[in-house]
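See structure below.
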There are 2 protein chains.
Amino acid sequence: MGMHIRSGDGPAYTQDLAAFLARFSYDELPAGVVHAARRGILDWLGCAFAAYRHPTLDKLLAALTENGSAGKASVLARGTRLSHTDAALMNGQMGHLLDYDDTHMGGVILHASSPVLAALLSAAELRPVDGRAFIAAYVAGFEAGVRIGQAAPEHHPGGWHLTGTLGAFAAAAAVGKLLGLDAQRMTHALGIAGTQAAGMQQNRGTMCKSFHAGKAAANGLLAALLAEKGFDSSEEIVEGKRGFARIYSKSTDLERLTAGLGREWMIATNGHKPYACGVVLHPAIDAMIQLRDKLGGRLDGVEAVEVKVNPAVVAITGTVAPTTGLHSKFSIYHSAAVAMIDGAAGIAQYTDARAADEQVAALRGKITIGVDESLRRDQAWASVRRAGEVFETLVEHATGTTDNPMSDAAIEAKFLANAEGARDAAQAAAIARATWTFEQLSDVREFVALLR
Amino acid sequence: MGMHIRSGDGPAYTQDLAAFLARFSYDELPAGVVHAARRGILDWLGCAFAAYRHPTLDKLLAALTENGSAGKASVLARGTRLSHTDAALMNGQMGHLLDYDDTHMGGVILHASSPVLAALLSAAELRPVDGRAFIAAYVAGFEAGVRIGQAAPEHHPGGWHLTGTLGAFAAAAAVGKLLGLDAQRMTHALGIAGTQAAGMQQNRGTMCKSFHAGKAAANGLLAALLAEKGFDSSEEIVEGKRGFARIYSKSTDLERLTAGLGREWMIATNGHKPYACGVVLHPAIDAMIQLRDKLGGRLDGVEAVEVKVNPAVVAITGTVAPTTGLHSKFSIYHSAAVAMIDGAAGIAQYTDARAADEQVAALRGKITIGVDESLRRDQAWASVRRAGEVFETLVEHATGTTDNPMSDAAIEAKFLANAEGARDAAQAAAIARATWTFEQLSDVREFVALLR
């Protein structure tokens with residue numbers, strides 16, 4: 001149709017990106033990229049399992065069931081089947097619900113796996129696909145989501161929740177890759193996804209925040225399916241005069257869409273959260289766990305703990321004595337105390353019971369928090385005095401940042417802890433084993449059978 | 001939850017609007033408002049019927065069917081049932097597909113009926129509801145969609161397709177009213193809808209444009225269902241610091257959200273399109289039909305036609321000899337010629353066959369288009385010379401504008417012409433009869449039975 005003529009005469013950014021997404025193959029992926037995908041799958045599944053019984057999901061499921069959803073695709077851990085997009089919506093919200101899922105480290109605050117993997121797992125029940133194709137599709141999702149975000153530098157300051165907006169592009173690219181869309185249809189998949197991109201920061205702290213991730217998964221999946229059927233869209237959805245980078249951001253950096261394609265893979269700089277709270281608290285938690293090791297785990301006789309962090313940390317985490325599990329996630333005192341006592345800061349450390357625990361409260365009372373402008377946000381210094389003896393530590397880069405990624409063992413331990421309740425120990429171990437050799441799966445439905 | 005504390009100390013605009021939407025009853029509606037609803041229902045159904053076999057809908061239906069959609073709610077005229085949200089998506093896209101549906105005249109370019117009625121018809125198959133409750137819900141949709149649009153004055157210049165963005169709010173408010181949500185849950189319905197609001201002008205001229213209307217219907221319906229289940233959201237989704245009026249518009253006019261509530265009803269200033277082309281062409285078409293009347297319909301011997309319009313009209317409709325039905329919609333020459341020959345400019349006047357017709361082409365060749373800056377956009381002047389005799393006319397306000405609304409008879413005639421093909425004559429007449437007394441329906445499902 002004549003109306004699809006491009007309005008600009010600059011590079012065809014969206015089409016070029018789509019052509020690359022349609023063209024690259026699993027065989028071109030460096031080993032580190034494939035491994036990042038394995039880590040991403042395992043970590044994300046644990047985050048979803050940890051949330052699977054959350055009451056917010058009961059409300060969502062009640063609405064979807066009443067609305068009418070054909071039982072075709074699996075909801076994780078709940079033994080329920082819904083339409084493919086509805087299962088993607090449920091699983092996407094589940095994965096992001098505890099804010100414990102991966103966060104990209106490339107300047108775009110995108111939790112890519114929640115929309116991408118939720119959409120892909122649902123799509124893998126629609127079309128049989130092997131592990132290699134699934135990994136390539138997962139990688140494609142990161143390429144689209146992160147690069148489109150980088151092309152719109154003022155998108156986050158503009159008030160948008162990027163996991164909702166960019167997540168739709170990412171999920172569409174991933175499912176489009178899984179479906180084997182050609183360059184033209186991949187362009188349309190991005191165009192149909194982008195025109196559904198939504199999610200406002202105004203909804204932080206409400207059930208809508210994780211809903212954004214689910215809707216991004218569902219909308220991206222639908223976009224790819226529509227494109228496959230020949231449904232069309234603008235072919236310059238990012239760079240066009242009324243395109244995404246123009247209307248969702250005050251400035252653009254369009255070169256980022258295609259710079260280094262095939263050389264720099266976005267999933268390689270994905271970050272994983274070791275602790276179930278905001279990233280600003282992670283350096284202090286690292287410090288406490290290091291001091292605990294220096295104490296040999298013996299806390300009897302601990303007289304005083306001192307922690308120094310970047311001033312920005314205290315501004316948003318200064319609650320001294322939280323009374324609920326939710327509030328305890330925003331307390332540096334609580335986070336430091338449980339980390340020293342338990343050597344961990346996972347879901348189990350942020351419950352109502354743990355917030356009210358006497359031993360935790362007692363240790364919170366011995367902690368002094370100081371600020372030091374010379375410390376970066378990913379740094380912390382801490383000391384502990386036990387029976388007059390002082391131990392110190394300095395965390396240079398918090399665990400989970402680009403300079404200090406979580407180890408594979410830590411990712412697996414986090415997964416196993418998160419999966420408790422949703423899967424028994426043997427099931428969880430089987431999932432972990434299958435994930436570390438994901439590319440060997442001949443049909444991803446075998447893997448999905450372990451998850452439902 | 002403590003996180004729901006409002007960030008500002010100004011008026012609680014969203015909550016106040018939601019409280020009004022939850023509270024007002026059908027009995028408070030002036031007769032003219034009820035009648036505007038009847039007109040809106042009839043006109044919109046015709047627009048949907050006229051598009052029911054469009055190939056774009058085949059693609060959408062193929063994707064939805066493959067995705068898995070439970071057969072619960074009716075797709076108009078196609079004898080198909082889908083889940084409630086999927087039926088709303090199909091019907092919403094159907095209603096807007098030909099760009100022939102109603103347009104609000106209150107400064108917000110919103111085609112409200114496509115999202116609102118598509119969502120409501122689907123919801124009426126979910127919960128039995130009478131005609132009065134349905135009309136109240138339809139009215140509520142206009143209140144939310146138009147007022148939220150007026151509160152965000154630079155939303156349209158910002159590049160958004162308002163039928164997609166505002167349509168989601170409108171559909172949620174309408175279904176929320178149908179479900180009898182209280183003020184709190186209505187607030188959440190708006191919050192959940194707003195956080196899904198999307199649709200880019202970049203997708204004009206593609207299949208996505210009418211898709212926006214369908215998604216708005218589906219997303220609004222889902223938002224209301226979720227709110228009913230206790231799913232929450234920000235309670236200041238419009239006025240909040242990161243709310244709709246802030247991030248989708250460069251300026252705000254928040255007073256518009258609540259000014260005159262219960263006295264000024266937005267549906268009362270809804271506009272209906274008499275002709276199946278862009279509104280800029282409507283004054284010229286009116287002029288041609290008036291000249292045709294002056295000629296007594298006898299066009300033999302017509303030597304020359306002259307039309308004068310506002311310069312803006314010609315800039316976008318200057319195609320002299322269109323070759324396809326789609327292109328003919330953007331030709332003032334074609335529009336004027338068919339209007340003079342047929343006395344109409346409906347769907348039948350913009351087909352490939354009509355664009356290629358010899359009589360039409362011959363008359364197009366006799367037409368001269370001039371511009372006159374003293375003419376407003378809703379005005380046109382025209383003259384025709386037949387056998388040396390000259391007839392003139394001046395259109396002061398094009399039909400379908402606030403100052404010259406379509407008559408009820410014209411709305412019904414448009415409906416009957418649009419319904420041809422989708423309904424037989426007896427069915428179409430029965431639908432028209434039922435619509436003019438819509439408030440007497442004891443169960444809207446009886447009405448839906450006439451449509452499927």
Side-chain angles (χ1 to χ4, degrees), chain A residues 1-4 56 59-60 62-63 66-73 82-86 126 158-161 164 191-192 194-208 211-212 215 219 221-222 225-226 228-234 236-237 240-244 246-247 326, chain B residues 1 3-4 56 59-60 62-63 66-73 82-86 126 158-161 164 191-192 194-208 211-212 215 219 221-222 225-226 228-234 236-237 240-244 246-247 326-327:
Chain A
M1 287 169 70
M3 291 188 173
H4 293 172
T56 295
K59 297 181 209 302
L60 176 60
E66 185 173 4
N67 179 54
S69 192
K72 298 180 70 173
L82 299 171
S83 75
H84 294 278
T85 52
D86 285 351
L126 183 65
W160 304 93
H161 179 204
I192 303 165
T195 217
Q196 301 176 76
M200 292 192 233
Q201 287 171 17
Q202 184 63 37
N203 268 321
R204 278 178 178 162
T206 77
M207 299 177 194
C208 284
F211 178 69
H212 298 158
K215 281 295 286 190
N219 288 342
L221 171 53
L222 179 62
L225 274 178
L226 283 169
E228 189 189 44
K229 310 298 178 212
F231 205 94
D232 71 6
S233 78
S234 164
E236 42 183 6
I237 199 65
K241 198 175 154 195
R242 298 292 197 182
F244 181 83
R246 315 280 181 189
I247 77 175
L326 184 62
Chain B
M1 288 170 70
M3 291 191 173
H4 293 171
T56 295
K59 297 181 209 301
L60 176 60
E66 185 174 4
N67 178 55
S69 192
K72 299 181 69 173
L82 299 171
S83 75
H84 294 279
T85 52
D86 284 352
L126 184 65
W160 304 93
H161 180 204
I192 303 166
T195 217
Q196 302 176 77
M200 291 191 234
Q201 288 171 16
Q202 184 64 36
N203 268 322
R204 279 178 179 162
T206 77
M207 298 177 195
C208 284
F211 178 68
H212 298 159
K215 280 296 285 191
N219 289 342
L221 171 52
L222 179 62
L225 274 177
L226 283 169
E228 189 188 43
K229 310 298 178 212
F231 205 93
D232 72 6
S233 77
S234 164
E236 42 183 7
I237 199 66
K241 199 175 154 196
R242 298 292 197 183
F244 181 83
R246 315 281 181 189
I247 77 175
L326 183 62
H327 286 149

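None of the values given here were measured: they were computed from a predicted structure. Because only heavy atoms are used, hydrogens play no part in the values below, and waters and symmetry mates are left out as well, while side chains stay in. Lettering follows sequence order; numbering is per chain, from 1.
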Non-hydrogen atoms of [X] and [Y] that approach each other most closely:
X: B:Phe244; Y: A:Met200; answer: N-SD, 3.6 Å
X: B:Leu226; Y: A:Ala63; answer: CD2-CB, 3.7 Å
X: A:Gln202; Y: B:Arg242; answer: OE1-N, 2.9 Å
X: B:Ala70; Y: A:Gly68; answer: CB-C, 3.7 Å

| query | chain A heavy atoms under 4.5 Å from B:Ala197: which part of the residue, side chain, backbone, both or neither? | reply | backbone
| Side chain / backbone / both / neither for B:Ser69 at chain A, heavy atoms under 4.5 Å | backbone
Measure the spacing between [atom1] of [X] and [atom2] of [Y] and express it to the nearest 0.5 Å.
X: A:Thr195; Y: B:Phe211; atom1: OG1; atom2: CZ; answer: 8.5 Å
X: A:Leu222; Y: B:Asp86; atom1: CG; atom2: CG; answer: 8.0 Å
X: B:Asn203; Y: A:Ser234; atom1: CG; atom2: OG; answer: 5.5 Å
X: B:Lys241; Y: A:Gln201; atom1: NZ; atom2: CD; answer: 10.0 Å
X: B:Asn67; Y: A:Lys72; atom1: CG; atom2: NZ; answer: 7.0 Å

| B:Asp232 side-chain N/O to A:Met207 backbone N/O, donor-acceptor pair under 3.5 Å | yes
| note | Sequence neighbours excluded, the answer for side-chain hydrogen bond (donor to acceptor under 3.5 Å, both in side chains) partners of A:Lys229 is B:Glu66
| message | For A:His84, give me all partners under side-chain hydrogen bond (donor to acceptor under 3.5 Å, both in side chains), at least two apart in sequence or on another chain. | response | none
| task | Counting only heavy atoms closer than 4.5 Å, note whether A:Leu126 contacts chain B via side chain, backbone, both or neither. | result | side chain
| In terms of heavy-atom proximity below 4.5 Å to chain B, should A:Leu82 be classed as side chain, backbone, both, or neither? | neither
| remark: Of A:Gln196, A:Arg246, A:Glu228, A:His212, the largest count of non-hydrogen pairs under 4.5 angstrom with chain B goes to A:Gln196
| said: Can you tell me which of A:Thr56, A:Leu221, A:Thr85, A:Leu225 forms the most heavy-atom pairs within a distance under 4.5 Å of chain B? | reply: A:Thr85
| request: For the residue pair A:Ile192 and B:Lys215, establish whether any side-chain heavy-atom pair is separated by less than 4.5 Å. | output: no
| task | Output the option from B:Gly71, B:Cys208, B:Gly230 having the highest count of non-hydrogen pairs under 4.5 Å with chain A. | result | B:Cys208
